[in-house]
Amino acid sequence: MLLAIICLVIGIVGFVKGRMNISKRKELRGGALYVVCTLLCLPLPLSFLVGMIIGAMAAANGTEPDEKTIGIASVVVVLGPIFGGIILAFAKATPKELPIDAARGFEVQPPPPPPPAN
């Protein structure tokens with residue numbers, strides 16, 4: 001459950017910022033960002049939905065929900081969208097753009113003053 005909450009926060013931050021740092025030199029922007037952020041926001045509400053469906057099915061049969069079924073469903077529901085989002089994020093990441101005022105390459109030194117004439 002904690003992993004689902006952390007992913008929800010990361011997804012919301014990605015929506016708000018409009019970009020997500022993938023590595024030191026790559027970032028995610030645009031449509032792929034919104035897909036990844038949506039996938040990261042899915043585990044928490046999806047886990048509640050699947051839990052309610054499993055509970056309703058068990059109640060309709062008049063039995064207790066099977067712990068093994070609940071465990072497998074929770075792992076699939078939480079880790080599926082997370083791994084899908086991570087794979088898509090690394091596949092669609094682009095190199096970061098340098099700011100306009102950022103130094104590019106080596107620093108330019110002014111030429112040395114001419115030697116004094118005798």
Start with the C-alpha gap between Ile82 and Leu39, add the side-chain angles, then the distance that decides, and say whether side chain to side chain contact (heavy atoms under 4.5 Å, CB included) holds.
-> CA-CA 7 Å; Ile82 293 172; Leu39 285 173; over 6 Å; no

Leu40/Leu8 under side chain to side chain contact (heavy atoms under 4.5 Å, CB included): CA gap, chis, key distance, verdict | CA-CA 6 Å; Leu40 289 177; Leu8 178 69; over 6 Å; no

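Residues Met1 and Leu44 meet the side-chain proximity criterion, which asks for heavy atoms closer than 4.5 Å. Lys96 places a side-chain heavy atom less than 4.5 Å from the side chain of Glu27. Here the side chains of Arg19 and Leu28 are not in contact, with every heavy-atom distance at 4.5 Å or above.
Hydrophobic clustering of Ile, Leu, Val, Met, Phe, Trp and Tyr side chains at less than 4.5 Å, counting indirect connections, unites Ile86 with Leu2. Both Phe83 and Val75 are assigned to one and the same hydrophobic cluster, defined by single-linkage of ILVMFWY side chains at heavy-atom distances under 4.5 Å. No continuous path of hydrophobic side-chain contacts links Val13 to Val36 [ILVMFWY only; heavy atoms under 4.5 Å]. There is no path of hydrophobic side-chain contacts, each under 4.5 Å, that joins Ile87 to Ile22. With hydrophobic clusters built from ILVMFWY side chains whose heavy atoms lie under 4.5 angstrom apart, Leu49 does not share a cluster with Leu3.
The line from NZ of Lys92 to CG of Leu88 is 7.0 Å long, rounded to the nearest 0.5 Å. Of the inter-residue distances, the one linking Cys37 atom SG with Lys17 atom NZ reads 10.5 Å to the nearest 0.5 angstrom. Expressed to the nearest 0.5 Å, how far CD of Glu67 lies from OG1 of Thr69 amounts to 10.0 Å. Taking CG of Leu46 as the start and SG of Cys41 as the end, the distance is 12.0 Å to the nearest 0.5 Å.
When all heavy atoms are compared, the tightest approach of Leu33 to Gly14 is CD2-O, 3.7 Å. Closest approach of Arg29 and Gly18 over heavy atoms only: CG-O, 4.0 Å. Considering all non-hydrogen atoms of both residues, Glu64 and Ala58 come closest at C-CB, 4.0 Å.
Between Ser47 and the options Leu42, Val77, Val76, a side chain to side chain contact (heavy atoms under 4.5 Å, CB included) holds for only Val77.
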